[in-house]
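Quick notes on the structure that follows.
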2 protein chains.
Amino acid sequence: MAAGRRAVTRDDVARQAGVSTAVVSYVVNNGPKPVAPKTAARVRDAIELLDYRPNPSAKALRKGRTDIIGLVLADADNPFYTEYASAIGAEAFDRGRALMIATARHDLANETRLVDDLLGRQVDGIIAASVSHRPEETMLRSFRLPPVVLLDASAPTPGFAGVGLDGASGARLAVEHLVRVHGHRRIGLVLGETNPEREDNRETGWRRALHDEGLPEGPLARVSWTRDGGYEAGRLLLDDPDPPTAVFACSDLLAVGLLRAGHERGLALPGDLAVISFDGTKEAEYSWPPLTVVAQPIAEMARAAVSLALDPARPTPFHQFPGTLVVRRSCGCPVA
Amino acid sequence: MAAGRRAVTRDDVARQAGVSTAVVSYVVNNGPKPVAPKTAARVRDAIELLDYRPNPSAKALRKGRTDIIGLVLADADNPFYTEYASAIGAEAFDRGRALMIATARHDLANETRLVDDLLGRQVDGIIAASVSHRPEETMLRSFRLPPVVLLDASAPTPGFAGVGLDGASGARLAVEHLVRVHGHRRIGLVLGETNPEREDNRETGWRRALHDEGLPEGPLARVSWTRDGGYEAGRLLLDDPDPPTAVFACSDLLAVGLLRAGHERGLALPGDLAVISFDGTKEAEYSWPPLTVVAQPIAEMARAAVSLALDPARPTPFHQFPGTLVVRRSCGCPVA
DNA sequence: CTGTTAGCGCGTTCAT
DNA sequence: ATGAACGCGCTAACAG
């Protein structure tokens, strides 16, 4: 605690270096005015000597920016989002911003309060994986709204920037692999609750890919976006008289739940049931069998999200990224 | 963005309510001076009408506190820590604080820079699951150090508060179950790198419990604290001529890696190899077989950590919590 | 190239 | 019970 010691301020540095406070500021911020090299060196020595650290509150008060990015997560149980959050944090740090995190725990009222708090704390931008399909429910309550970036955006949303994955072609990747490489003809879909006003891109992709392969539509289970939901989907799909031989799960978590349901029924996996999922988390690599996935490029998406959150005036406030098929055992391929 | 609109300040509220700015402050903060009920009501109406939100930077500048807690994580890939972080966030929010998160990604240099940044941002307290065994390596560089709480503390560390689990009795719980209920006589241990100067409590507990049961020490694998590490431990333990029939893994992640190694060798799990692990994350519940675990009381630990981070002058700055055995299939018990 | 100084919005002391 | 005024530490406009 080293109590009692008054914090070192800019004035102390100025006095120590024998210059005015403005010069200290110019040196610390590389501008906006030039400083003679020798003077600058003196100032830097004084900073070093006194271990001066600019007061961020004073800076924020003066500049109107906090250099903080707010991140709203519906859910910290989903490793996809925590890996995403970690990447966003790294990116933000590289750009000199800190990350303030709020997890809503699947609760819309929580989310509203957390967003409110973040807004009240004057974060420079908000990145959100919202609980709601209609983000304007929790945002937009304030007049002075910073840039807001929606994660998992499947389509442009008016008033918000968005970063998302190309779900349609990702789903197609999975379906085509199951059909062309492994000869499946009955492929189910598992997904969570989605915006009822607009079909999810992954669902669309699955549907179209099946159609293009000349196959009938497989069964569909809509559950909650959790491991428990995936487990429930297993009950819905596998206890059916005509179960699918393969399933595309719209998230790793759903697939993990589905796998457990399969194991409990004594199914051979992937023999009796092949699975491909969406996300590409580390957990999916360590499930049994290891999951073949359509991986999301988390690092690139994080970079885009932070850029958008920091710079509201982008020409294209909606970035969509392609997924990559990563083959493991759960599709039936004989890999390590 | 609703640009151009100047933020509403205390002065606007005062003008609107026909009072001085001091009175607005008294009302907002419930003090330090009393305000006549009628006046207070007028002020509250004005606040409501104008949608006034106090400026946190100005408040922080004035009070010298930011109402922000910093959380340093070595690792955002470990669901135990992300669940922990989520609980800490909820607890902090309940106490009116926001959470600033920094993930070091297993890198000590990263951690040092992140802690420095957090300190520079003048967080009111730091909660840390450090990369290092010697936290003073990354902390204590500053003279004005806020309260620091070490997560996963196995023993009191001078200068830091600590919250941890009673690893010794947790390990004992696991060993006794494997011995007394399932009759195992050769029980291995998997753990990550620990402080070389002091044996890990879980290791001690495992050793002592075996001894007390009249059993010889089983094999021990020390690897990195990751799924990959657990997988590696599988190689070390299972390819031995005299492999253990049961293993206690010091984290869920290690157990998950070990399970995969077992599956790949065609072992019956738990028949050929029983596993119990430490932590009790959701991932452990959905591995195959589902893991029997010694669960940590995350919510209580989070509460304690936040209290300690906010109040440096606690009498006992080291809290240790008991683990709970949660029985699933991986130990051999015939449960759902 | 360097110095002086006016606020940023707030909490609080001192006066009334 | 209320109000006037100061200063927290900083940036940047302005003056030299």
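Protein chains get the first letters and strands the later ones, always in sequence-line order, with residue 1 at the start of each.
As judged by a 4.0 angstrom heavy-atom cut-off over every strand, Asn29(B) is placed among residues touching the sugar-phosphate backbone only. At the heavy-atom level, Ala36(A) lies under 4.0 Å from the strands shown only through sugar-phosphate atoms. In this structure, Ser57(B) reaches neither bases nor backbone, as no heavy-atom distance under 4.0 Å exists between it and the strands shown.
With rounding to whole Å, Lys59(B) atom NZ is found 12 Å from dG9(C) atom C1'. The separation between Asp11(B) atom CG and dA5(D) atom C1' is 12 Å, rounded to whole Å. Atom OH of Tyr26(A) and atom P of dT2(C) are 11 Å apart (whole Å). If you measure from atom CZ of Arg53(A) to atom C1' of dC10(D), you get 16 Å, rounded to the nearest angstrom. Following rounding to the nearest Å, Lys33(B) (NZ) and dA15(C) (P) show an atom-to-atom distance of 11 Å. Between the CG atom of Asn55(A) and the P atom of dC10(C) there is a distance of 16 Å, rounded to whole Å. In this structure, CZ of Arg65(A) is placed 18 Å from P of dC8(C), rounded to the nearest angstrom. One can place CZ of Arg62(B) at 16 Å from P of dC10(D), the figure rounded to the nearest angstrom.
In the set dG9(D), dT2(C), dG3(D), the nucleotide with an atom closest to the side chain of Thr39(A) is dT2(C). Comparing dG3(D), dA13(D), dG9(D) against the side chain of Ala22(A) picks out dA13(D) as the nearest. Closest to the side chain of Leu61(B), out of dC8(D), dG3(D), dT2(C), is dC8(D).
For dG11(C), its base sits under 3.5 Å from the side chain of Arg10(B) at one donor and acceptor pair at least.
A salt bridge links Arg121(B) with Asp117(B): at least one charged nitrogen is closer than 4.0 Å to a carboxylate oxygen.
For the pair Val72(B) and Glu111(B), the minimum side-chain heavy-atom distance is below 4.5 Å. Counting heavy atoms from C-beta outward, Phe80(A) and Gln296(A) have side chains that approach closer than 4.5 Å. Within the 4.5 Å cutoff, side-chain heavy atoms of Leu114(B) are placed close to those of Phe93(A).
Along DNA chain C, the nucleotide closest to Lys63(A) and the one closest to Thr21(B) are compared, and the more 5′ of them pairs with Lys63(A). When the nearest nucleotides of DNA chain C are assigned to Ser20(A) and Val28(B) by heavy-atom distance, the more 5′-ward of the two goes with Ser20(A). Looking at which nucleotide of DNA chain D each of Ala40(B) and Val8(A) is closest to, the 5′-most match is held by Ala40(B).
Taking only side-chain nitrogens and oxygens, Tyr52(B) comes nearer than 4.0 Å to OP1 or OP2 of dC10(C). Between Ser25(B) and dG11(C), a side-chain N or O to OP1/OP2 separation shorter than 4.0 Å is present.
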Fill in: salt bridge (Lys or Arg N to Asp or Glu O under 4.0 Å) between Asp311(B) and Arg95(B), worked out
CA-CA 12 Å; Asp311(B) 180 7; Arg95(B) 303 189 51 163; over 6 Å; no
